[in-house]
Each structure stands twice: as structure tokens, then as C-alpha cells.
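The sequence lines fix the lettering, A, B, ..., with proteins before strands; numbering per chain opens at 1.
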Amino acid sequence: MQINRKGQMELSVKILFIVFVVILMFVVFFIVLKSNVEQSNKSVGDQYTDANQFVMGILSDPSLVEGDYSNTPIQGLFVAEKLSNQAPNKELDNINNIGFLYSVRIFDEVNGKSWTLGLSTAPFFSEKTISFSYPVAIEYKNENSKVDYGKAVVNLYFGEIPTLISEIKGECAVKRKRYLSVNTKYPVVYNQSSGMVNVSGQVFYPFIPCSVKSFAIPKGKHLLLISFENNQVIVKR
Amino acid sequence: MFLSNKKSQSAEFLSIIILILIVSIFALFSKVSLLGSNTQQTVSAIKTMKSTKLSLTANILPRITIGDENIGQALGEEFCYGNETILLQSGQKINITTELRKVLDSIYGKNNWMLRIKKGKYVMPDLYFYVDCSGSTVKTRQKVEAAMAKIAQTKHSKYKIICIGDLTNAVGKYSNASDDLACGRGDVHKKNIETDENWGGAVAFVALNGIPSYNSTTKKYAFNGWNTTHRYILISGDEESCSSCMPLNTTGSQNSVCRNFCLNANLPANCPCYFTDYYCTTGGRWVKRGSMIFSKSFDIGCHGEPGNTTAYTDFAIKRAKENNVSVFFIIPTKIYVNNKTEWLNNVRRLCNETGGQVIDLRNDSMSKKEIVMTLSKLLYRDEETVYITSTYEGPQFQRISENLISYPILISSPCDTGEQENALLMVRG
């Protein structure tokens with residue numbers, strides 16, 4: 001009878017111990033889960049840091065603002081004629097946008113004119129968008145160098161496809177064979193001759209600093225091989 | 001055996017619990033530190049964005065054009081001259097503050113910003129005109145007084161005519177008028193002079209002691225120093241410094257020589273007889289020729305003994321320069337001096353070397369309007385700090401706003417103030 005009681009007690013202690021371990025496992029699991037969320041938070045910080053660098057590049061780009069490569073460009077003072085010379089739906093040359101696509105809309109608040117740099121329309125495939133605006137001025141050389149005030153509305157688009165394009169851009173500099181796992185919800189086609197990317201019908205022209213061989217990636221999960229051969233980037237499934 | 005088994009089981013449980021606890025605490029600690037650094041990175045990136053926006057505003061704001069000017073030029077003119085409007089070629093006037101509100105409201109939204117600027121304004125100092133109040137200067141005083149009254153009316157200043165003779169018992173902060181106005185400079189005469197004519201000494205005294213205030217009880221002027229860096233003296237005299245109308249050694253019957261002169265001339269013993277070392281030529285100059293005796297009827301043109309204006313002028317220039325005082329000398333309608341060329345040279349030297357100006361009223365050469373215009377040069381530039389906001393008054397905005405971030409805007413100054421103005425843009429952080 002005493003042995004039975006002892007046995008019951010042992011059983012109870014074991015059950016309590018198991019419950020305790022399970023609770024602790026939950027705690028650990030919760031911490032790991034939170035770490036993942038933090039991972040996402042970390043990238044928010046990075047995204048804003050990248051956004052700052054990107055905007056500083058746009059606001060001081062001699063192909064857009066007053067000044068040239070020999071003189072110090074005047075930050076934020078866009079020249080209307082230079083803005084009008086930019087090709088539509090095309091990313092700007094020499095502007096570093098690693099990890100995202102972008103569209104920058106410059107509004108003249110005085111006469112209502114506007115210009116768009118980068119993507120003409122917001123990409124439907126964007127998974128996350130960061131938007132902000134900066135004050136700018138627009139100079140009209142042809143109108144006695146009149147300067148109007150305005151604003152630049154900056155939209156940065158993040159997601160699987162912007163990441164893929166950034167990886168290809170990066171390969172131009174890295175020139176190293178590597179694998180990239182992608183899981184795209186939309187087919188992506190790149191045309192080498194036009195430099196155009198087509199994502200389920202939405203087209204745009206990213207700035208890629210080297211030649212890239214045409215490729216097509218159907219929607220779904222793929223392991224891509226990205227390499228640099230014969231002075232061009234090759235993307236294979 | 002059973003007991004030993006039980007003990008080892010308990011130890012195992014305990015060690016597993018401790019292990020799990022350590023792992024959990026470590027995971028929790030690393031998570032918290034990661035959370036902290038990530039949040040810090042995000043906050044810092046957002047802060048950078050805000051300050052970029054502010055610096056951009058400061059960079060572009062002065063370049064935005066309104067009509068033919070840009071905001072930077074307009075603010076510069078407001079800083080220098082107090083102009084608040086820009087005149088377009090079409091004749092339309094544009095208010096700078098209204099334009100600034102439009103631009104900054106569009107960037108930051110209503111009531112989220114404040115711009116601190118310095119605005120220039122021109123101030124007319126109170127006019128104190130020091131002059132000898134003898135009968136010979138009546139016309140001059142009337143003309144200058146009329147001009148000063150006009151200036152006082154339009155420029156909101158005060159004016160006062162102060163007789164140099166009334167300064168003799170004035171008390172200065174740094175020296176007494178009785179010392180500074182005392183005659184004795186040079187070697188001509190040391191007695192029997194009228195300090196009322198000592199404009200050189202008056203300049204020297206005022207230059208050192210500043211602005212006068214009159215005490216009606218003691219009936220004395222007190223000079224308590226300058227209260228501004230803009231310092232000037234407005235003075236006039238129609239004779240040599242320290243000359244007198246007649247240098248009386250003695251007169252009439254009180255002097256034996258004079259008495260004899262009068263008796264010899266069959267005149268009463270107390271006839272207006274003057275005894276002096278000098279005599280007045282028909283050309284109006286005093287010439288030294290031993291002791292002379294003559295009646296007042298000989299006084300045909302000379303109003304002063306040959307004083308030593310140069311010595312008093314040197315003294316006045318020295319004091320004025322030491323105290324950064326400009327002297328404006330009003331040459332009266334008529335002057336009574338021994339050597340006109342020398343006297344005029346001294347007056348011009350006094351004005352030129354102190355950065356002042358000669359205002360020549362001889363032969364009624366200047367109209368009241370011209371005197372007003374010339375005296376208006378005494379206007380000096382001052383500045384005040386102005387706060388521009390959407391609607392609030394500046395200090396109120398500061399009281400209700402926390403975490404204000406600010407950035408300077410460099411304004412080029414078109415005026416010759418030798419300084420560059422920084423406007424300050426403040427926005428809610």
C-alpha cells in the first residue's frame with residue numbers, strides 16, 4: 001500500500017516534470033519565433049538605410065539636378081529639361097537600387113507639372129512598399145531660370161522579383177557562380193536586346209550595368225544558377 | 001538501491017531543468033539585445049530621413065524664385081533694409097512672408113514649422129545739436145531746428161538744441177565739461193574767453209561722455225555714456241574755438257589806459273573802450289601789434305580774437321576717433337573767423353577724419369529739404385528677430401512644440417554689414 005502511494009507520487013512528479021518541460025519548450029519556441037519576426041524588423045532598418053542612400057543619389061545625380069560632374073551638383077534642385085530627357089519606365093543609370101525597384105514622382109507645386117523616374121506604374125508584384133516624400137525645387141532653364149518649389153514622392157518596392165533583379169545586378173560586379181532559390185508567384189521574362197523585364201504583362205527597364213542573356217522563369221519554386229560567362233550574366237533553372 | 005535510483009533521477013531532473021533555464025535565459029537575452037539594436041537602426045534611419053528633408057529644405061528654399069528674385073535675395077533684402085515685399089515688373093507687390101508660408105506649409109503642413117529670421121530696420125537717433133547760442137547763430141539755429149523738427153516727425157525721433165555755454169557745468173561719465181571746454185590750448189590767450197564758442201572742446205567732451213540728459217532740479221546736463229554703437233555729434237560754431245566776441249582785458253573806466261584813452265578822446269571815462277594785444281584790420285583780421293587801445297567803434301568786422309582752432313580741432317578729432325564718433329559740422333549762414341581758409345580746413349578735417357560730414361549753410365546755400373536729407377544720413381541700421389510660422393506667434397510655437405529639430409539657412413547679405421545672416425528653420429521632430 002505504501003509502495004503504491006510512492007508509485008503514485010513518482011508518477012505525479014514525472015507528469016509535472018513533463019508539463020514543465022513542455023512549457024519551457026513553448027517558451028523557447030516563442031523566442032525562436034520572435035527572433036524570426038526580429039529578423040524581419042532588422043530588414044526594415046536596412047530598408048530605410050538603403051532608401052536614404054538611394055534618395056541621396058537621386059537628389060544629387062548630375063543627370064537630373066543643377067550642376068555637372070565637374071561642379072558640385074546642387075542637391076534637390078532638379079532641372080526641368082534634364083527631367084524631361086529621361087526615358088519613361090526605365091531605371092536611372094548609375095543609381096544604386098539594390099534590393100528594390102522604385103518610382104520617383106517629381107511634382108511642381110506651382111504649375112502642376114510632374115515627371116516620373118523609374119517605374120511608370122506601381123508593380124502589382126510588389127510585396128512591400130516604402131513611401132516617403134522630400135521637398136525639391138525645379139529649375140526651368142528655358143524660362144529665365146525660374147525655380148519652382150515641389151516635392152519628390154519616392155516609392156520603393158520590395159519582394160521576390162526585385163530581389164531577383166538585384167541579384168542579377170550584383171552578379172555584374174561579383175562575377176561568381178552561385179545558386180539562388182526563388183519562389184515567384186508570377187512568371188519573369190527578360191529580353192536581352194531590349195533590356196526589358198516582363199512580369200506577367202507588366203514591363204519595365206531595370207538598369208543592369210552589364211549584359212544579361214535573355215531568360216524566362218515560370219512561376220513557382222526554382223533553384224536558379226546565376227553565373228558570369230563570356231562577359232554576360234546567365235540565369236539558368 | 002531504490003533510494004539511490006530515486007536520488008539519481010531527481011538529480012537528472014534538476015540538471016535538465018537548469019539546462020533548459022540557462023538556454024531560455026540566453027535565448028531571451030540575445031533576443032532582447034537584437035530587438036534593441038534593430039529598433040535603434042530603424043529609428044536612426046528614420047531620423048536621418050527627417051534631417052535630410054530639413055537640410056534639403058534649407059538648400060532649396062533660398063533658390064525658389066518669386067518674380068525676378070529668389071527667396072534668398074528677398075530674405076537678404078529684408079535682413080538688410082527691412083523690405084517685406086518684392087516689386088514685380090508688372091508693378092504687383094508680393095509679400096515675402098506669405099510666399100514663405102505657402103512653401104513651408106506645403107512641405108511640412110500647417111503649424112509644423114517655424115522660421116527665425118533677422119529683419120533690418122532703420123532707426124533715427126535722437127538729434128542733439130550743440131551750438132553757441134549767441135545772437136549771430138540765430139538764423140542758423142532756426143534753419144536747423146526746422147529741419148530737425150521735420151525729421152523727428154517723420155522718423156519718430158526727438159531733438160534738442162543745446163547751447164555749448166550750458167555745457168560748462170555739465171557732468172560727464174568720464175570727464176567734466178569744465179575741464180574739456182576750458183580754453184588754453186595753443187599759445188594765443190588763456191583768459192577772458194567765452195567757452196560758449198569752444199565747439200572743439202564741446203566735441204571732445206561729448207565724444208567721450210555720450211548722450212545728454214537734463215536735470216531740471218540741478219539745471220545741469222549729465223552725460224552717461226553712449227547707449228549705441230552708432231555715435232555722432234551735430235555741432236556748429238561761427239567763430240574760432242575758444243575765441244570771444246571781444247577779448248576783454250578790461251573795459252572803460254576800470255582800466256587806466258582805457259580811461260586815459262577815453263579822456264583824450266573827449267569821451268566819458270566809462271566809454272566802451274577795449275584793451276587788447278590785437279587789433280582788427282579793415283580786412284577783418286586780427287593782428288598782434290603790442291598793446292592797442294580802441295573804442296568799440298573800431299570793432300568793424302572781427303568777432304573773435306585769433307583763437308587756435310587747429311589745436312582744438314586736433315583735440316576733438318583725437319577724442320572722436322578714440323570713441324568711434326562721427327562729427328557733423330554745420331557751417332552757419334555767416335562765420336566770424338580770423339582766418340577763413342584755416343578755419344574751414346579745420347572744420348572739414350574734423351568731419352572727414354571722423355567719418356562725418358560738413359553741412360554748409362553759408363549764403364543760404366541749402367534748403368530745409370536738403371538739410372533734412374543730409375541729416376537723414378544719421379539713420380542707422382538696426383535689426384530685430386522675427387519668427388514666421390503658419391499661424392502661431394513664434395514663442396507660442398516653441399512652447400507647444402517638443403522635439404524641435406532645426407537647420408540653418410544661409411542668406412547672402414546684399415548690404416554692407418559685413419555679416420552673413422543665418423535664418424533658422426525649425427520643424428517638429
Checklist entry - Going through the distances and angles, do B:I107 and B:W113 end up as a side-chain contact (heavy atoms from CB on, under 4.5 Å)? => result CA-CA 9 Å; B:I107 296 171; B:W113 59 270; over 6 Å; no
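- In this structure, chain B has a heavy atom under 4.5 Å from the backbone of A:V136, while its side chain stays farther away.
- For A:E109, the part lying near chain B is the side chain, with the backbone staying farther off; criterion is any non-hydrogen pair under 4.5 Å.
- Using a distance-only test at 3.5 Å, with no hydrogens or angles considered, a donor-acceptor pair links the side chain of A:S120 to the main chain of A:N89.
- Listed for the A:Q86 side chain is a donor-acceptor partner under 3.5 Å among the backbone atoms of A:K82.
- At a 4.5 Å heavy-atom cutoff, B:N70 makes no contact with chain A through either its backbone or its side chain.
- Interface summary for chain B: among A:I74, A:V110, A:L59, the most heavy-atom pairs under 4.5 angstrom belong to A:I74.
- Residues from residues 137-146 of chain A that place a non-hydrogen atom less than 4.5 Å from a non-hydrogen atom of chain B comprise A:A137, A:S145, A:K146, given in numerical order.
- Contact check for B:M49 versus A:Y134: side-chain heavy atoms found under the 4.5 Å cut-off.
- Taking the six-membered ring where the residue is Trp, A:Y102 and A:F54 present tilted rings, their angle falling between 30° and 60°.
- Within a 6.0 Å radius of NZ in B:K150, no more than 12 heavy atoms belonging to other residues, nucleotides or ligands are found.
- No side-chain donor from either of B:Y407 and B:S51 sits under 3.5 Å from a side-chain acceptor of the other.
- A donor-acceptor contact closer than 3.5 angstrom is absent between the side chains of A:T129 and A:N155.
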